[in-house]
> 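The structure follows.
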Protein chains: 2
Amino acid sequence: MRRDIFQAIADPTRRSIITLIALQAMTPNAIAEHFDSTRQAISKHLRILTECELVKQEYRGREIYYQLEVKKMKEIDKWLDQFRKIWETSFNQLDKVLLTMKKQKR
Amino acid sequence: MRRDIFQAIADPTRRSIITLIALQAMTPNAIAEHFDSTRQAISKHLRILTECELVKQEYRGREIYYQLEVKKMKEIDKWLDQFRKIWETSFNQLDKVLLTMKKQKR
DNA sequence: AATTTGCGAAACCGAATAGTTGCACATATA
DNA sequence: TATATGTGCAACTATTCGGTTTCGCAAATT
């Protein structure tokens, strides 16, 4: 199923899960312990995160380890690029204005 | 009303609007011309974007000009920082963990 | 003064969402 | 072999979401 990564990170619980499994692979049960909702609810979140490839699974016996696919996060970073350019240039424009004012002062 | 910025950028139409008014302030009518949905639908999106302060309004007569508040986008960038640290390491820590797990498996 | 234009708000609707409970099933463990 | 454990899936529910249509109102235009 095709999933939107921005829709995936819209939910605060999912963002917490992402942070939780960023450095360590964890099982659904272990993850669920960090939240108030049921294991099934967490499982649903993991399904959504897996569907948009933000999270990868590794099967070990009856356990499944989930862990963040960090590379996928770059997509958000890439989308931010267009705005990064703006907030950098708007800073430059401010410098420009300040510079002009200094020049006029003389 | 308190709004979540991540929930705001979850909708593809809203992301398009954001890009559209990133460099130029625009009226709802002008924005709506770029989409298939009605002006009222766009107005709803603008309301949500305004509520989470991603967009600023400027009243001019009976017209209202909407423009992106670029600074607010930095919040997303800031959230990405924790993951940027991970993907920027030359030897991915995540791969390291996986390797350790595979070794323990043997 | 009468009409047109630009806008937001309200009421409504179908679809999606996030949560629950109750299962089925494979894998460990006794 | 019998039981406990880890997991995903299905069915159901309340709520939210994105869209439309209809309306009211203020500002511009005639």
> Please say which of I48(B), I17(B), L49(B) ends up in a side-chain contact (heavy atoms from CB on, under 4.5 Å) with V55(B).
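Exactly one candidate clears the test, L49(B).
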> Is the phosphate of dG8(C) approached by S43(B) (side-chain N or O, under 4.0 Å from OP1 or OP2)?
yes
> Please determine if D81(B) and R84(B) form a salt bridge, counting it only when a charged side-chain N lies under 4.0 Å from a carboxylate O.
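Yes.
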> Could you tell me if the side chain of H45(B) sits less than 4.5 Å from the side chain of I31(B), heavy atoms only?
no
> Taking N or O atoms only and anything under 3.5 Å, show me the protein contacts with nucleotides 11-17 of chain C, one pair per line.
| from | atom 1 | to | atom 2 | distance (Å) |
| --- | --- | --- | --- | --- |
| dT17(C) | OP1 | Q7(A) | NE2 | 3.2 |

> Is there any protein nitrogen or oxygen under 3.5 Å from a nitrogen or oxygen in nucleotides 21-26 of chain C, and what are the pairs?
| from | atom 1 | to | atom 2 | distance (Å) |
| --- | --- | --- | --- | --- |
| dG22(C) | O6 | Q40(A) | NE2 | 2.9 |

> Kindly point out which of dG8(C), dC9(D), dG8(D) is positioned nearest to the side chain of I64(A)?
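Nearest to the side chain of I64(A) among the choices is dG8(D).
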> Taking for each residue the nucleotide of DNA chain C with the nearest heavy atom, is it S37(A) or L46(B) whose nucleotide lies nearer the 5' end?
L46(B)
> Within the structure provided, determine whether L68(B) and F83(A) are in side-chain contact (heavy-atom separation under 4.5 Å).
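They are in side-chain contact.
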> Can you see if the side chain of N29(B) gets near the phosphate of dC7(C) - specifically, an N or O under 4.0 Å from OP1 or OP2?
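Yes, within the criterion.
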> Answer yes or no: is there a side-chain heavy-atom contact under 4.5 Å between E53(A) and E69(A)?
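No - every pair of side-chain heavy atoms lies 4.5 Å or more apart.
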> Counting heavy atoms not belonging to Q82(A), are there more than 12 under 6.0 Å from its CD?
yes
> Strictly below 4.0 Å: does H45(B) bring a side-chain N or O up to OP1 or OP2 of dC17(D)?
no
> Does A30(B) have any side chain to side chain contact (heavy atoms under 4.5 Å, CB included) partners at least two apart in sequence or in another chain, and if so, which?
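Listed in chain order: M26(B), T27(B).
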